[in-house]
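Encoded as structure tokens, the structure appears first; notes follow it.
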Amino acid sequence: MKLPRTILRARSARVSIAALAVAVLAGGVWHGVASAQAARPAQATPATTSAPAPIVRDIAGGRTSYADLVKAVTPSVVTIRTERQAEVSPAAFQDDELLRRFFGDAQGRSRRQPQPFRQRALGSGVVVSHDGYILTNNHVVNGANTIKAEFNDGRTLTAKVIGVDEPSDLALLKVEATNLPMLALGNSDVVQVGDVVLAIGNPLGIGQTVTMGIVSAKGRATGVGDGSYEDFLQTDAPINQGNSGGALVSMSGELVGINSQILSPSGGNIGIGFAIPSNMAGHVMAELRQEGRVRRARLGITVEPVTSELAASLRLRDVSGAVVRDVAPNSAAERAGLKSGDVVLSFNGRSVTDANMLRNRIGESTPGSKATIGLTREGKAHEVTVTLGEATVES
């Protein structure tokens with residue numbers, strides 16, 4: 001976003017992780033409107049001699065250019081510009097004697113009414129259907145009165161909000177258009193650490209920009225903002241403020257992530273960025289498109305991570321899984337017979353390595369559906385089937 005400050009915190013909150021700040025890329029703060037070394041010249045070559053072959057340095061397994069991939073995917077990434085009305089209240093000056101006398105009467109009482117003014121913000125988005133559906137971050141469009149999507153062919157279209165999901169920081173928009181270029185959602189579960197990816201968006205409002213890096217880690221959680229459902233892909237592809245809602249693209253040209261946050265002491269890129277994985281984004285998008293909101297399943301347990309000490313005491317072979325600490329009364333977990341001290345190792349056949357992964361596995365399930373949970377109890381393997389409940393805001 002074009003902001004008067006160089007660092008922007010998620011939902012206007014300052015968060016510290018090891019003395020570094022995790023910031024949403026487009027941010028949750030609004031601002032007022034008013035205010036290579038040059039190549040050597042080629043040497044002439046006699047007509048009878050052929051020019052020497054250029055020296056080529058292979059990169060990324062033999063690729064010397066990403067131009068073909070960039071041409072294919074960049075038309076699907078848009079700039080999102082938002083605007084909202086805000087007010088400045090004279091009450092903001094009540095503790096300042098000079099300002100009260102300037103804006104108030106002789107006794108310092110306010111004589112001015114709240115004054116409306118416009119605030120603007122900027123982020124990015126990804127077209128995910130030919131008929132105009134666009135994925136972006138919730139914090140990009142939160143509180144906006146008007147939203148515009150700017151395409152790289154010069155078109156600007158008005159977008160409406162289909163639905164938002166604060167826990168995952170995703171929003172689904174719609175523009176009235178057909179035959180739009182779109183990005184297909186890839187399978188983020190098969191993405192591996194070390195895979196080459198491109199980050200595309202509008203950093204700092206300078207215009208559409210493409211950067212390259214690798215997937216640095218998977219399954220990250222930062223705890224910024226709501227922090228309820230986090231399963232970030234971490235990348236060192238340079239991304240900055242304004243990249244929020246933009247695309248993280250695989251070498252096959254598929255969308256594998258929605259860029260969302262950065263880890264930085266100053267708000268600038270230091271090679272630690274986070275993207276919401278495409279599988280989570282796809283689930284949220286489908287729910288928002290069909291229901292206008294996201295319904296999530298609830299198991300009814302509180303869990304804690306497996307430590308070396310716990311693994312030894314519970315006779316676990318690996319320091320992995322999620323330990324059940326409490327089981328909520330009358331919950332799906334209680335009805336299925338889960339107990340405190342159980343160690344959950346799988347959910348519907350997919351491994352569970354930590355508490356955050358289990359929460360995401362449950363959250364992406366449909367309320368009322370059946371799930372199979374693999375666990376260890378007193379050193380013995382068990383498998384239970386549970387009919388999942390539905391999560392509420394409180395749960």
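One is the number of the first residue; the rest follow in order along the sequence.
- With hydrogens and angles disregarded, a donor-acceptor distance shorter than 3.5 Å links the side chain of Thr235 to the backbone of Ile214.
- Across all their heavy atoms, Leu338 and Arg377 have their closest contact at CA-NH2, 4.0 Å.
- Under the salt bridge (Lys or Arg N to Asp or Glu O under 4.0 Å) rule, Glu390 has a single partner from Arg296, Arg295, Arg298, which is Arg295.
- Val344 and Leu375 make their closest contact through CA-CB, 4.1 Å (heavy atoms, listed as atom of the first residue, atom of the second, distance).
- Across every non-hydrogen atom of Leu183 and Ala247, the tightest pair is CD1-CB, 4.0 Å.
- Clustering ILVMFWY residues whenever any of their side-chain heavy atoms sit less than 4.5 angstrom apart, transitively, puts Val352 in the very cluster that holds Leu299.
- In the hydrophobic clustering of this structure, Val141 groups with Val127; members are Ile, Leu, Val, Met, Phe, Trp, Tyr whose side-chain heavy atoms approach within less than 4.5 Å, directly or through other members.
- The hydrophobic cluster containing Val294 also contains Leu172, counting ILVMFWY residues as joined when their side-chain heavy atoms lie under 4.5 angstrom apart, directly or transitively.
- Side-chain atoms of Thr222 and Glu230, non-hydrogen and from C-beta on, do get closer than 4.5 Å to each other.
- In plain terms, the two heavy atoms of Ile162 and Tyr133 that are nearest each other are CG1-CE2, 4.0 Å.
- The CE atom of Met357 sits 12.5 Å away from the CD1 atom of Ile362 when rounded to the nearest 0.5 Å.
- Under the 3.5 Å distance criterion, the side-chain polar atoms of Lys218 are matched with a main-chain donor or acceptor of Val191.
- Distance check, rounded to the nearest 0.5 Å: CD1 of Ile262 to CD of Gln241 gives 6.0 Å.
- A donor-acceptor contact shorter than 3.5 Å links the side chain of Ser331 to the backbone of Glu334.
- For the pair Arg81 and Thr156, the minimum side-chain heavy-atom distance is 4.5 Å or more.
- Remark: the backbone N or O of Ala237 is not paired with any side-chain donor or acceptor of Thr211 at under 3.5 angstrom.
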Going through the distances and angles, do Asp195 and Met251 end up as a side chain to side chain contact (heavy atoms under 4.5 Å, CB included)? CA-CA 8 Å; Asp195 284 354; Met251 290 298 97; over 6 Å; no

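- Looking at Val77, Val249, Leu198 one by one, the single match for side-chain contact (heavy atoms from CB on, under 4.5 Å) with Val210 turns out to be Leu198.
- Of the possible donor and acceptor atoms, none in the side chain of Asp169 sits under 3.5 Å from a partner among the backbone N and O of Asn137.
- Put simply, the side chain of Thr307 does not reach to within 4.5 Å of the side chain of Val319, judged on heavy atoms.
- The shortest side-chain heavy-atom distance between Val175 and Leu180 falls under the 4.5 Å cut-off.
- Using a 4.5 Å heavy-atom threshold, the side chains of Ile258 and Thr136 count as separate.
- Remark: Arg361 CZ to Ile373 CD1 distance equals 13.0 Å, nearest 0.5 Å.
- Heavy atoms only, all atoms of each residue included: Leu388 and Ala332 are closest at CA-CB, 4.2 Å.
- By the criterion of side-chain heavy atoms lying less than 4.5 angstrom apart, applied directly or through intervening Ile, Leu, Val, Met, Phe, Trp or Tyr residues, Leu358 is not grouped with Leu310; the two fall into different hydrophobic clusters.
- Here the CG-CD1 distance, from Leu248 to Ile200, works out to 9.0 Å after rounding to the nearest 0.5 Å.
- Counting heavy atoms from C-beta outward, Val324 and Lys339 have side chains that stay 4.5 Å or more apart.
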Could you walk me through whether His139 and Glu166 pass the side chain to side chain contact (heavy atoms under 4.5 Å, CB included) test, one step at a time? CA-CA 8 Å; His139 72 258; Glu166 185 176 356; over 6 Å; no

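- Counting only distance, with no hydrogens or angles, the side chain of Asn240 and the backbone of Gly268 share no donor-acceptor pair below 3.5 Å.
- In this structure, Arg359 and Tyr229 approach most closely via the heavy-atom pair O-CE2, 3.9 Å.
- Between the Asn202 side chain and the Gly207 main chain, a donor and an acceptor come within less than 3.5 Å of each other.
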How far apart are the C-alpha atoms of Ile272 and Gln234, what are their side-chain angles, what is the distance that settles it, and do they pass the side chain to side chain contact (heavy atoms under 4.5 Å, CB included) test? CA-CA 7 Å; Ile272 306 177; Gln234 182 182 325; 3.9 Å; yes

With side chain to side chain contact (heavy atoms under 4.5 Å, CB included) as the criterion, how do Leu185 and Met285 come out once you've worked through the C-alpha distance, each side chain's angles and the decisive distance to 0.1 Å? CA-CA 11 Å; Leu185 271 67; Met285 177 179 69; 4.3 Å; yes

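- The structure places OG1 of Thr146 at 12.0 Å from CZ of Arg84, a figure rounded to the nearest 0.5 Å.
- A donor-acceptor distance shorter than 3.5 angstrom exists from the side chain of Ser124 to the backbone of Gly242, with no hydrogens or angles considered.
- With hydrogens and angles disregarded, no donor-acceptor distance shorter than 3.5 Å links the side chain of Ser244 to the backbone of Gly123.
- Annotation: side chain of Val327 is in contact with side chain of Ile301 (closest heavy-atom distance under 4.5 Å).
- Connection of Val78 to Leu157 is established within a shared hydrophobic cluster, with ILVMFWY side chains joined at heavy-atom distances below 4.5 Å, either directly or through further cluster members.
- A donor-acceptor pair is defined here as one N or O able to donate and one able to accept, closer than 3.5 Å; no such pair exists between the side chain of Asp165 and the backbone of Leu170.
- Here the OG1 atom belonging to Thr158 is positioned 11.5 Å from the CG atom belonging to Leu173, to the nearest 0.5 angstrom.
- A cation-pi arrangement, defined by a distance under 6.0 Å to the six-membered ring centre and an angle within 45 degrees of its axis, is absent between Arg220 and Phe274.
- By the 4.5 Å heavy-atom criterion applied to side chains, Asp354 and Pro305 are not counted as neighbours.
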